Amino acid sequence: MSEKTKLLVFAVMALGMFMSLLDVQIVAASLPEIESGLSAGADEGSWVQTSYLIAEIVMIPLSAFLSRAFSTRWLFTVSAAAFTLSSIACGFAWNLNVMIACRAVQGFVGGAMVPTVFATGFVLFQGKKQALIPAILGIVATLAPTLGPTLGGWITDVLSWHWLFFINIVPGLLITILVPIYARVDEADPSVLRGFDPWGIPLLAMFLGGLEYVLEEGPRWDWFEDTTNCWVAAASATSALFFFYNSLTHPRPVVDLRIFRNTRFAMGCLFQFVLGIGVFSSIYLIPQYLASVQDYRSLDIGKAVFITGIAQVLATPFAAGLSRRMDPRHMILFGFLLFALSLYSISYLNSQWGKDELFWPQAMRGFAMMFCIVPATNMALGAMPPQWLKSASGLSNLMRNLGGAIGIAASNTVINHRFHLHYTRIVETVTSANPNVDPVLAGLARQMQVLTSDTAEQQQMAMSVLNQLISKEALSMTYADSFLVLASLFLLALTVLPFSRRMLPTAASSADSH
């Protein structure tokens, strides 16, 4: 395969990965419009996202098994074609049940495209070019959630929510046509299907599907106060025990967990997990803060967070270049420290912070991100023998996604509990004994005179405005707490670095493994 063909294959497959990741974000931004169009309530409509995420997380570790059996070329082709068809079906969905079913198909086949790209990149390129793979795919993986909310809001405003799904048609067809023609990366091995663990797939689905369900629904229903969450968590835990036992004892498991005996890979997965928590949580929290406290619209939020993507792009050549010369542990140390510093700087935010105050912390985070993603991916995949590469890619991507799911769920839990704490403490100070309260209420009441001449109504409206101000201040303090917790987690993760052995830079380790 010529260099131009390799680049074409990698670019087309990366487009499929971007399409899959972007779809989650643009739909999340327009869920209220989709719920309205399908005559569904907010609690029901959340399953438009949950069904996708559950199916996706089940497929990610399965992708290695399927690509070995049917080849990367045909797995990716079928996934892209099915993703396109299910996108069309989602756009034409006439009720919520049809939408949820089609979204589950979308998530399942979309989940195959993400780890497959990573494995293919490390197979196609070696040396200097291989060092660019995690950097390029890192940008793809994090730009999708950065651009998604703004793009989703814009598409819904200008066209309609149906076009959130129809925009997948052209790239989906392009990928479906080009991949089978050019992506002759490996050959199918039907012998993989002989004697494999038949219980592995249902146990994996129950374990990861149940875990994702609990993480998605837990914050909304106060975790184990809800009976359904308890039953699903119990089923997930039981399935996990049987799945781990089968994977470690069966001669031909669907997902071979014995790969974690490779300490370098295990270390890379640990950092991928922590990175998933930090990246996805921060991408989730900042737009939430800007929307709930600063009343930013989708387009304004997009402009405010776009600096993160620009900083990532600027950091890419530096991170890729250093990965060829530097021990990944040293890059991880620098990247995680800078990431923690960026999160810690946001922990000082208050209700007056807007895009200007968030500019440098976000730029720092975007720059640091590449110095985390590149070495963590190289740790997990850089020196992996070819026969283990697909499994390693699936499991490392699973760890990052699990980190993201756990991080967002934990963030929602922190917000729920800390908001009530901060709100109560602020309200306790807003009493008649506080000399600052009466002048503030009097000033607010005067502002209400343009709306009503009734003194009682003016006082009531003034109290309502004061309550909103208190809520926004409590929310700001809550978001600040969340970023402080995330910063502490990144520092805590670095404590394992002294226990790891010296690692060769990417170029050297690549040469050794080939």
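These values consider heavy atoms only, across backbone and side chains, with no hydrogens, waters or symmetry-generated copies. Nothing here was measured: the structure is a model prediction, and the numbers come from that model.
- In this structure, N416 contributes its side chain and N412 its backbone to a donor-acceptor pair below 3.5 Å.
- Residue W74 qualifies as enclosed at atom CH2: its count of foreign heavy atoms under 6.0 Å is above 12.
- Listed for the S63 side chain is a donor-acceptor partner under 3.5 Å among the backbone atoms of I60.
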Determine whether L174 and V12 satisfy the following criterion, side-chain contact (heavy atoms from CB on, under 4.5 Å), listing intermediate values before the conclusion. CA-CA 8 Å; L174 183 69; V12 170; 5.7 Å; no

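- What you find for L248 and R258 is that their closest heavy atoms are O-NH1, 3.8 Å.
- Side chain of R73 to backbone of P180: a donor-acceptor contact under 3.5 angstrom is found.
- With rounding to the nearest 0.5 Å, the separation of OG in S87 from CZ in R103 is 8.0 Å.
- In this structure, M99 and W161 approach most closely via the heavy-atom pair CE-CZ3, 3.5 Å.
- The main-chain N or O of A64 is found under 3.5 Å from a side-chain atom of S67 such that the two form a donor-acceptor pair.
- Atom CE of M17 sits about 8.5 Å away from atom CZ of F10, to the nearest 0.5 Å.
- Using a 4.0 Å cut-off between charged side-chain N and carboxylate O, D256 and R261 make no salt bridge.
- The backbone N or O of A80 lies less than 3.5 Å from a partner atom in the side chain of T84, making a donor-acceptor pair.
- In this structure, CG on L204 lies 15.5 Å from CZ on F242, to the nearest 0.5 angstrom.
- Between the side chain of S247 and the backbone N or O of V255 there is at least one donor-acceptor pair closer than 3.5 Å.
- With hydrogens and angles disregarded, a donor-acceptor distance shorter than 3.5 Å links the side chain of S342 to the backbone of F339.
- Applying the 6.0 Å contact sphere to CZ of F260 captures more than 12 heavy atoms from other residues, nucleotides or ligands.
- When all heavy atoms of A363 and A311 are compared, the pair lying nearest together is O-CB, 3.2 Å.
- Judged by distance alone, with hydrogens and angles left aside, the side-chain atoms of T478 form a donor-acceptor pair with the main-chain N or O of F419 at under 3.5 Å.
- R68 and S391 are linked by a side-chain donor-acceptor pair at a separation below 3.5 angstrom, with hydrogens and angles left out of the test.
- For S20 (side chain) and G110 (main-chain N/O), a donor-acceptor pair under 3.5 Å exists by modelled atom type.
- Contact record, P361 with I346: CB-CG1, 3.5 Å, taken as the closest heavy-atom pair.
- In terms of modelled atom types and a separation under 3.5 Å, the side chain of S482 and the main chain of S411 share no donor-acceptor contact.
- Aromatic rings of F92 and F166 (six-membered ring for Trp) have centroids within the 6.0 Å cut-off, being under it.
- Looking at heavy atoms from C-beta onward, Y289 lies out of side-chain contact with L475 at the 4.5 angstrom threshold.
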Could you go through the side-chain contact (heavy atoms from CB on, under 4.5 Å) check for N401 and V114 one step at a time? CA-CA 11 Å; N401 278 35; V114 178; 5.9 Å; no

Intermediate values then yes/no, ring-ring contact (aromatic ring centres under 6.0 Å, His included), Y479 and F483: CA-CA 6 Å; Y479 284 112; F483 283 106; 7.4 Å; no

